[in-house]
There are 2 protein chains.
Amino acid sequence: MTTSVQHALEQLKVSGVRITPQRHAILSYLLESMEHPTADEIYRSLEPQFPSMSVATVYNNLKMFIEAGMVHELTYGDNSSRFDANITDHYHVICQQCGKIEDFSYPSLEAVEQQAARHTGFQISGHRMELYGTCADCRGLNQQ
Amino acid sequence: MTTSVQHALEQLKVSGVRITPQRHAILSYLLESMEHPTADEIYRSLEPQFPSMSVATVYNNLKMFIEAGMVHELTYGDNSSRFDANITDHYHVICQQCGKIEDFSYPSLEAVEQQAARHTGFQISGHRMELYGTCADCRGLNQQ
DNA sequence: ATTTCTGCAAAGAGTTTGCATCCTA
DNA sequence: TAGGATGCAAACTCTTTGCAGAAAT
């Protein structure tokens, strides 16, 4: 875990990005939490460590990480964006009751992309999929 | 086209919803445009017809149509929500250059849902997928 | 006559921006 | 020390809300 933070920071450094304590903290939090937090959750979680850090800094850095390809922005309906530092190919399963997002792997849906290209004339560069349902915890609570 | 507007309005009427001119216009626009407009696009498009209509009315009615199951809200990244009155099962192919959204049908991805259920313990109720790429028009412009 | 809907304006969330100051490299 | 990063506050966009007046049934 810590290693991948180091690795990511190295990558940034090489491309001329300065490693500030805030930057380090935000990236570490994202990589270690694996929780798909919102910008505000990141901000509040790091408040004890950085009482004077502003939300703008969180947004600035998230934007940079996204441009550097280290973080993905998830926008599913409702309200604020969530951020995901796991850039391996995977989908998200979202609990409609508690909002939890779990990762889920599935062999690529290339066939879908190909058919979309054929039907629409688009040149397809990727796709995004989310599954919705109720997580085990919420189902358990309901059954009691 | 017009028939489906009538049908939708009938459906609303039966469930005790009043058919106001604004409501009629918003729904017609959505059903006929097939363009996945934003709330503001709807608002501005209907301004000539309803110079005094407020944005709040557009949002109020969209919300009601969504609750009635006649309209889907699409939230893909960037900024404002888009609204889709086509409730048949289909996916969206989004041009990353001009923002155009095209519909695209594909046989259901039940296998994915089943595997997600097995892997995560969720009870899956549905999914959402979007494909990204470049539309024929934008590709054409680039090639020139 | 009721009850719902509209329009207005103001409030609210999330996000971005401008600028002076700070600090990493 | 020089240029990028931070922090602050204000601005901006999208969306929601409260309420008085208007309109549909």
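The basis for the numbers below is simple: all heavy atoms, side chains too, and nothing from hydrogens, waters or symmetry mates. Protein chains get the first letters and strands the later ones, always in sequence-line order, with residue 1 at the start of each. Not measured: the values here are computed from a predicted model.
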In Å, rounded to the nearest 0.5 Å, how long is the span from NE2 of A:H90 to CE of A:M129?
11.5 Å
In whole angstroms, how far is the P atom of D:dG7 from the CG atom of A:L46?
11 Å
Rounded to whole Å, how long is the line connecting atom OH of A:Y43 with atom P of D:dT6?
14 Å
What is the distance from CZ of A:F50 to C1' of D:dA5, rounded to the nearest Å?
13 Å
Rounded to the nearest Å, what distance is computed from the CZ atom of residue B:R44 to the C1' atom of nucleotide D:dT13?
12 Å
Judged by modelled atom types alone, do B:T120 and A:E102 share a side-chain donor-acceptor pair under 3.5 Å?
no
When you check the side-chain N and O atoms of B:Y91 and B:S105, is any donor under 3.5 Å from an acceptor?
no
Rounded to whole Å, how long is the line connecting atom CD1 of A:I66 with atom P of C:dT15?
10 Å
Hydrophobic clusters here meaning ILVMFWY residues chained together by side-chain heavy-atom distances under 4.5 Å, can you tell me if B:L131 and A:L74 are in one?
no
Does the protein touch nucleotides 20-25 of chain C at the base, only the backbone, or not at all? Give it as B, S and - per nucleotide, heavy atoms under 4.0 Å.
----BS
In whole angstrom, what separates A:E47's CD from D:dC8's P?
11 Å
Tell me, which pairs form a salt bridge (Lys or Arg N to Asp or Glu O under 4.0 Å) where one or both residues lie in residues 55-66 of chain B, sequence neighbours left out?
none
Using atom CD1 of B:I26 as one end and atom P of C:dT6 as the other, report the distance to the nearest whole Å.
7 Å
Provide, to the nearest angstrom, the distance between the CE atom belonging to B:M64 and the P atom belonging to D:dT16.
14 Å
Atom NE2 in B:H92, atom NE2 in B:H72: separation rounded to 0.5 Å?
9.5 Å
Quick one: pull up CD1 in A:I101 and CZ in A:R82 and give me the separation to the nearest 0.5 Å.
5.0 Å
Got a second to check how far A:S28's OG is from A:Q49's CD, nearest 0.5 Å?
8.5 Å
D:dA24 phosphate, OP1 or OP2, under 4.0 Å from B:R23 side-chain N/O
no
Between A:S81 and C:dT15, is there a side-chain N or O to OP1/OP2 distance below 4.0 Å?
yes
Give the residues of residues 51-63 of chain A touching DNA chain D, defined as any heavy atom closer than 4.0 Å, sorted by residue number.
A:S52, A:M53, A:S54, A:A56, A:T57, A:N61
Gap separating the OG1 atom of A:T134 from the CD1 atom of B:I124, nearest 0.5 angstrom:
8.5 Å
Counting only side-chain nitrogens and oxygens, does B:Q22 get under 4.0 Å of the OP1 or OP2 atom of C:dG7?
yes
